[in-house]
A.B. asks: 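Okay, handing you the structure first.
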Number of protein chains: 2
Amino acid sequence: MEAPARTLGVLAVDMMSQPCRALVLLDALSGGGLVERKTVLIHKAQHLSEEERARNPIGKLPYLELSDPAGERVLTESHAIARYLAAASGGRVPRHLYPTGDALACARVDALLDWQHTNLRQGAAKLVFAEVIGPRRGLAVPPAIVEQARSTLNAALRAMGETHLAGGRREWLGGLADASFADVSALCELDQLRTLGGAYEALVAGPHPVVAAWAERTRRRLEPHYSRATDMLRRVERRASSSASRL
Amino acid sequence: MEAPARTLGVLAVDMMSQPCRALVLLDALSGGGLVERKTVLIHKAQHLSEEERARNPIGKLPYLELSDPAGERVLTESHAIARYLAAASGGRVPRHLYPTGDALACARVDALLDWQHTNLRQGAAKLVFAEVIGPRRGLAVPPAIVEQARSTLNAALRAMGETHLAGGRREWLGGLADASFADVSALCELDQLRTLGGAYEALVAGPHPVVAAWAERTRRRLEPHYSRATDMLRRVERRASSSASRL
């Protein structure tokens, strides 16, 4: 009997965080067991505790606590972790998600991931901070900042639809043959807008039907893992919708 | 006589753009000839011309027009291009810049590069846009946006000094053995602050001496290529300082 494949480390996540969900999905889509999972709750400030700060000074999730460290014990940044898991797992990550060993194919996925960091994420994550997380922490976010996040998000969704999905003539981002980790990461980024109570329809589905159709297609492609990874998010979404409907 | 090694494509750049300078430096530090170079001037809106948009619909610099395209003809995003050049150049990119073939060592550089995109760049590039580029285009940037860019930049510089440089106990970002492409990219990001006329001292050198010392060390490490790649920037900096001194 073969020994079970060993994990590459312990992945610290909060399932309410989009880059955390993207990595949990990557693991599940790879058959599971690439990493062990441990939960660190952001809303309880566990990531800022003394113990967590000693482990991960940058104080952000996700991070991977490596089984075999060389230098620092943790690796941060979800895209860097995804690339590492694909390269170090001996082929367990499906090639369509990240095509290890083909420099140009990898670069196509990398370019989409980098674009997301400086475009889509600057809209979506900042808007969720401005409208949900900031107010919950008692921070009043200036209207100019909220407006900028909305406008960045809208420009990013337009570029996604018109360029990365070629106006709907492409099934997956960048015209790749199957969903890549760039689709997984972008979908998780958009999903967080569901915590805004109706905003997903107003910000994404209405004005950007090509993106909304891609998002539905990607969700289906990632099942049954998608539903499991977004279970907590959907509970928060239902709460947000029901409080919006009481307004 | 050996045929000269062929280039991997034509790199479209504007030497006033930080990610463009970072890639030109990567090529020079690799002995030159990884790419041919063509200039597209952003201040003349050449990147938005019909011809350029047909080639590169995303409308941003730098991009690499590939010698051997598979799918799209261009590859965008400076970090993705750097990684591609390192992987596809047959070992011409020095290993200390990007350690191809070692998954964890690559991931350490990737994590630093990703961190820059969502932290350092959100401060530095946005501040230069707010204070130099926006006003030149007749855009009034709201004070809350300028304030946010300053505060993001300051937090990123603090994290660079305290974490990535361990309070000055590390010579290079992330504690790597030599300067990596993450040092090159971060240095270019900071250099653009020199167009603000005195702001480099006020924003970087004064409050963040560990970062300023690393920047000087990195500049020296990248000579003589650094001076060549930043020639145009220094001319603009001199103009900015002399107009600031007339105020």
A.B. asks: Measure across B:Ala159 and A:Ile58 and return the closest heavy-atom pair with its distance rounded to 0.1 Å.
C.D. replies: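 Distance-wise, the nearest heavy atoms are CB-CD1, 4.5 Å.
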A.B. asks: Kindly check if the number of other-residue, nucleotide or ligand heavy atoms within 6.0 Å of CZ (B:Arg37) is above 12?
C.D. replies: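 It does not: B:Arg37 CZ has 12 such atoms or fewer within range.
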A.B. asks: Roughly how far apart are A:His117 NE2 and B:Gln116 CD, rounded to 0.5 Å?
C.D. replies: 12.0 Å
A.B. asks: Of all the heavy-atom pairs spanning A:Val74 and B:Arg108, show the shortest one and how long it is.
C.D. replies: O-NH1, 2.8 Å
A.B. asks: Which residues in residues 177-189 of chain B have a heavy atom less than 4.5 Å from any heavy atom of chain A?
C.D. replies: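 Against chain A, none of the residues of residues 177-189 of chain B fall inside the cut-off of heavy atoms under 4.5 Å.
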A.B. asks: Please find the pair of heavy atoms, one from B:Ala80 and one from A:Asp110, that lie closest to each other, and give the distance.
C.D. replies: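 So the two residues come closest at CB-CB, 3.7 Å.
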A.B. asks: Does any backbone or side-chain atom of B:Val141 lie under 4.5 Å from a heavy atom of chain A? Answer side chain, backbone, both or neither.
C.D. replies: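 Neither part; nothing is under 4.5 Å.
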A.B. asks: Between A:Arg121, A:Glu72, A:Glu147, who has the most heavy-atom pairs with chain B when the cutoff is under 4.5 Å?
C.D. replies: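 If we count pairs closer than 4.5 Å to chain B, A:Glu72 comes out on top.
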A.B. asks: Return the minimal non-hydrogen interatomic distance between B:Thr163 and A:Pro57, and the atom names on each side.
C.D. replies: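 Where B:Thr163 meets A:Pro57 most closely, the heavy atoms are CG2-CB, 3.9 Å.
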A.B. asks: So how far is it from A:Glu77 CD to B:Thr118 OG1, rounded to the nearest 0.5 Å?
C.D. replies: 5.0 Å
A.B. asks: Between B:Ser78, B:Ala144, B:Ala87, who has the most heavy-atom pairs with chain A when the cutoff is under 4.5 Å?
C.D. replies: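 Going by pairs under 4.5 Å, I would pick B:Ala144.
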A.B. asks: Any side-chain heavy atom of B:Asn119 sitting closer than 4.5 Å to one from A:Lys60?
C.D. replies: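 A side-chain contact exists here, since the closest heavy-atom pair is under 4.5 Å.
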A.B. asks: To check you understand the geometry: which heavy-atom pair defines the closest contact between A:Ala111 and B:Leu75, and what is its length?
C.D. replies: CB-CD1, 4.2 Å
A.B. asks: If I compare all heavy atoms of A:Tyr84 with all of B:Ala107, which pair ends up nearest, and what's the gap?
C.D. replies: CB-CB, 3.8 Å
A.B. asks: Counting only non-hydrogen atoms closer than 4.5 Å, does B:Glu162 touch chain A with its backbone (N, CA, C, O), its side chain (CB onward), both, or neither?
C.D. replies: neither
A.B. asks: First locate atom NZ of A:Lys126, then atom CD of B:Gln148, and finally report the distance between them rounded to the nearest 0.5 Å.
C.D. replies: 5.0 Å
A.B. asks: Which bit of B:Leu66 is near chain A, if near means a heavy-atom gap under 4.5 Å: side chain, backbone, both or neither?
C.D. replies: side chain
